[in-house]
Structures are given as structure tokens and as C-alpha cells.
There are 2 protein chains.
Amino acid sequence: MSDRDPFILKLETFATLDEGDRDLLRDRCRRVVSLRAKEEIVQEGTDPQVVHLVLSGYACRYKILADGSRQIVGFLLPGDFCDLHVFILDELDHNIATLTDCRLAVLSRDDITALCGRPRVARALWWSTLVDQAILREWLLNIGRRSADERVAHLLCELLERLRNVGLVSTDNTFTLPVTQGELADTLGLTVVHVNRMIRNLRDMSLIAISGRQISVRDVDGLKRFCGFRANYLHMDGARSGRDDLLAESEAFAMRVD
Amino acid sequence: MSDRDPFILKLETFATLDEGDRDLLRDRCRRVVSLRAKEEIVQEGTDPQVVHLVLSGYACRYKILADGSRQIVGFLLPGDFCDLHVFILDELDHNIATLTDCRLAVLSRDDITALCGRPRVARALWWSTLVDQAILREWLLNIGRRSADERVAHLLCELLERLRNVGLVSTDNTFTLPVTQGELADTLGLTVVHVNRMIRNLRDMSLIAISGRQISVRDVDGLKRFCGFRANYLHMDGARSGRDDLLAESEAFAMRVD
DNA sequence: CGCGTTGTTGAAATTCCTCAAGAATAGTGG
DNA sequence: CCACTATTCTTGAGGAATTTCAACAACGCG
């Protein structure tokens, strides 16, 4: 579908990489594993020694309560890193699992160190971590203060933008969302039943259309207006906003490789 | 109240700093501003050129919806950095304001660069960012999947641990929470009225006691059990867990200063 | 002392959940 | 390719949690 690797597309929304950066990235993402849907990638309490990067398919971070209820705390789309923090924190405080069949790149500590040796790439990894954080804040706002139908709409808007960014949305604003309504419920802090009704609402309002696992956003502006979606928290204008100029000067932010 | 600076206490829960590290930190935190309660520190959409660090008092990050409803997405306690991401992201996607009277250290870009020149301190700053992220995930779980009374209890447990960590909890598990119930509501995705009733519940169960702005946790284990609190997400055992050994080797993670 | 903010309580309304059951879809083995 | 099974989707009805509205008390501050 896209002629470029998703991780390069993603990092380039922030930083202008040169050919050497891209080659290094491609080279370090050679080790690939394939997983089926609903398999664990890393589990809470463990101290994993590798970093995963989604090449294709969807995965998620989640937490489980004692009573078995689950909260998904992050969607991992193609181009997203799963666990960049691995080398700082002692152990994972959440689980990571696939939602669909996935292809994942597996990066060792050496790989990450090598990537961090390139200032632009290092900065892009930092950026990626900070955007993840910004998404968490927006999700908190979403669950905490928006009504159920707005929550669903907002999540769809976010996925639309994030997937578009890695070339996975067709020109008519259609993308595949191979995720069950139960998983959406666990993401939005709702029940399956209610998610189902809210999706129906959005359909009845002709904001979206669904066939199989394909979601078409019929009225992008309408959907965004409906839930008050503003894309600023995704910080997708790094490379375009002139921030790029800082990079020459900003080797200060490269992580040192010895 | 405490004989040590809160930022040093906090960073030392993760890394064992040496005297040089501590001196540098103290030196770079000399520029102090004082703010009254409910004043803005930084606003959404701006690109601030300094980093703030809370020395005393409480502040918060928050987001506002078009209809005026607010979601607090983070508590900033003494020792917490407000905006370490400033030099990477183009503009802030949320606001930061004081909740109480505050003393804040103001750090310039040079200060941060200098701090990052010390591997242990740099790693501790990384750690601090990642813990903030872990807290966001836990809050998402809290709001998404716990009942209202459990949410309140969980927040109190978290504050107890975080404040204890910087020496602000007395031996009888009492701390000051100079925060209105309205602000708690905006934190927990509830209404003032309901927060009020939930606090009453916790009091009726003799889990906590409140006098003025003082909160006493009467039954720490009971409170934690009630809401299923597990402190693992705060990652407070960095320095103790032997992870410290890695530090010698881990200059790779220092951010380079030129 | 008076005024604005915060805390507290009641009652009604609403959102969202639970329970339950049937329909559609996808996956599996024969 | 079909039958069978499990998962997912869909809808209804009743119930619970939370909100809204409203009023008043308590507290803190000038």
C-alpha cells in the first residue's frame, strides 16, 4: 500500500532525515517477528531486553484490574515503538499485545544505541516518546470529560490522522480498523453494548460508514466538529514548522554513544 | 519541613547522585519565582523557552474543552519538572497552572544542557519523564475502569506515596492536600457533588480522616486494598533495585552536551 | 462584618451499565 | 463445500451510578 517503511514515514513527520539516517533505520529494523492476533508481546513485571517496533498490524498497551476489567492505554500502529523506555525503567508497568496479526521489528540495545548516535534520529525518538505522552493526556481528557459518542468520534479522528501519517488511509478517508467493539470499549472506558450504540449514532448522523472492518469517515470536518477534535496534540508539524532548523544546533540532545 | 531539596530527594529515588551532581542541581535551581494560587505558569499553544521545577506548593497540567469543562491531566508536586519536553515539541498541548501558592525554579536551556552533561542526572531526568508517562497510564485506568470511590481512594494513595517520597508525609500518614473538591473532580472525571459524597464514604469507612486541608490516611493497607493500589507504576525502586549498577556503563544514555 | 468561594445535602434526570437473547460473521474440522 | 462452533454484533428492557439542579451551611479573606 505504501512504498515506504512506516517507521521512516512516521519519524519524518518530525525530522528531516538524510539517506544515512534512513539506511541505518532500515538496517536496524531487519530482525522481524510475526505474531498472530491477540498474542502477548511483553508482559507487566518483566524487564524485557529488546525494543519492538510495529511494521504492520495493530497492537496495544493495556492494564488489567483484579476483577478482570481491562483498560487499553495506547494503540500501537505501524511505525510506533512499543517500549523505548525499556533501558531506563526497571520493569514494565503494563502489558503489550497484538490486536491483529502483526509484523514487528525487534531491536536490541545495540540497535537503539546505534540509532541514538545520529542526532536527528535520536531527537526523533525523543519526539516519538513525547507524542505518546501527549496522546495519553488527550485520552485522559477524552475519557474524563467527553460523552460516550464524542469519545468514539474522537478516537476515530485520532486514528484517521495517525494512520494517514503513515500512508494507511485512502483518499476517500477510509481505513481498516480490525478491532472489535469490545476492544474499543476497553479503550474508551465504556461497555461493548454502549460502544455499539454510539457507533450506530455516528452512522445515523452520516458521519461515518462501516463495511466489514473498513471505516469510512464520510464527513471529516463534521466528525471533528462533533467531538471537538484538534490535532495539535499529535505534534505532526515538527519538520514543517521550521523547528527543523534547530536540529543543526541541537546535537546537545543526541544521546551519547560511547 | 524537609532538610533536603525536593528535587534531589526525588531524583535520588532513582539514581544515586554524587556530591557534584547535587551541587550542580542546587546551583542550577537558584533562579526562583513565587506564584500565588491559581496562576498560569505556561499556556497551551505557546513555545516556552524555560523549564519549571516545583520547589514548594502544588501545580497541575490541565486541558479545557470548548464547553468549559476541564480535565486535570497531572499533578505537579515538589520536585517535579513541569515541562522537560519544551525543547523538542513545537508548542505545548496543555496548560500548566498553580493550584496553591508555589515556589518554582526556572531553568534555562543552558541549565538543562548542563544537567544533561552528567550521565546520572541525565538518566534521572529521562526516568522522571517516563514515570510521568506511567502515571498517565495509571490515571487512564483509574478513570476508565474504576468506580468513583475507588478513583478517589487511588488518587489519595498515589499522592501519599509521591509526597512521602519527597519527605512531605508525616509518620502518621498525614499530608496537606490544599486542593478543592472541584479540582479533585476535574482530576478524576467526576463532578464536585459526587466527589464530595465519595470522600464522605471513605471517611465513613474510617479509611481516611480530614481536618481542614490535612488528610490522614487512617488505614493505609485498607485504603490500598479498597482501590487495588499497587505502587509499581511509580517506579520508585530504581536506586534500590541494583539497576544502579548499570549507570557506570550507561553513559550511552547521557544526552550529549557540546 | 460581609462577601465570595468551597463544602454539603436532597431529589430528579440522565447516562451508562447489566442482563439477556437472537442474528450475523468468521473460523474449523469433516 | 458444508455443518458446526465460537466470536462478535445488535437490540431491548430494567437497574445502577453519576450528573444536574437547587439550596443552604461553613469557611476564609479583606
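Proteins come first, then strands; the chains are lettered A, B, ... in the order of their sequence lines, and each starts at number 1.
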Closest to the [X] side chain: [options]?
X	options	value
A148(A)	dC16(C), dT6(C), dT9(C)	dC16(C)
V193(A)	dT18(D), dG12(D), dG7(C)	dG12(D)
N196(A)	dT11(D), dT8(C), dT9(C)	dT11(D)
S147(B)	dG7(C), dT10(D), dT18(D)	dT18(D)
T191(A)	dG7(C), dG10(C), dC17(C)	dC17(C)
R197(B)	dT6(C), dT9(C), dC16(C)	dT9(C)
H194(A)	dA11(C), dT18(D), dC16(C)	dC16(C)

Calculate the interatomic distance between [X] atom [atom1] and [N] atom [atom2]; express it in whole Å.
X	N	atom1	atom2	result
I210(A)	dT25(C)	CD1	P	13 Å
Q181(B)	dT19(D)	CD	P	14 Å
R146(A)	dC16(C)	CZ	P	14 Å
N201(A)	dC16(C)	CG	C1'	13 Å
R145(B)	dA17(D)	CZ	P	16 Å
L184(B)	dT6(C)	CG	C1'	12 Å
L99(B)	dT5(C)	CG	P	17 Å
D186(B)	dT19(D)	CG	P	11 Å

Any idea how F75(B) and W139(B) line up, ring-wise: parallel (<30°), tilted (30 to 60°), or perpendicular (>60°)? perpendicular
Would you please confirm or rule out a distance under 4.0 Å between OP1 or OP2 of [N] and any side-chain N or O of [X]?
X	N	value
R203(B)	dT8(C)	yes
K38(B)	dT6(C)	yes
R200(A)	dT11(D)	yes
R213(A)	dC9(D)	yes

Side chain R145(B), main chain R70(A), donor-acceptor under 3.5 Å: yes
Within the side chain of T180(B), is there an N or O that forms a donor-acceptor pair under 3.5 Å with the backbone of E183(B)? yes
Taking the side chain as everything from C-beta on, heavy atoms only, tell me whether V152(B) gets closer than 4.5 Å to L184(B). no
Counting heavy atoms not belonging to R213(A), are there more than 12 under 6.0 Å from its CZ? yes
By nearest-heavy-atom nucleotide on DNA chain D, the more 5' of V195(B) and G182(A) is G182(A)
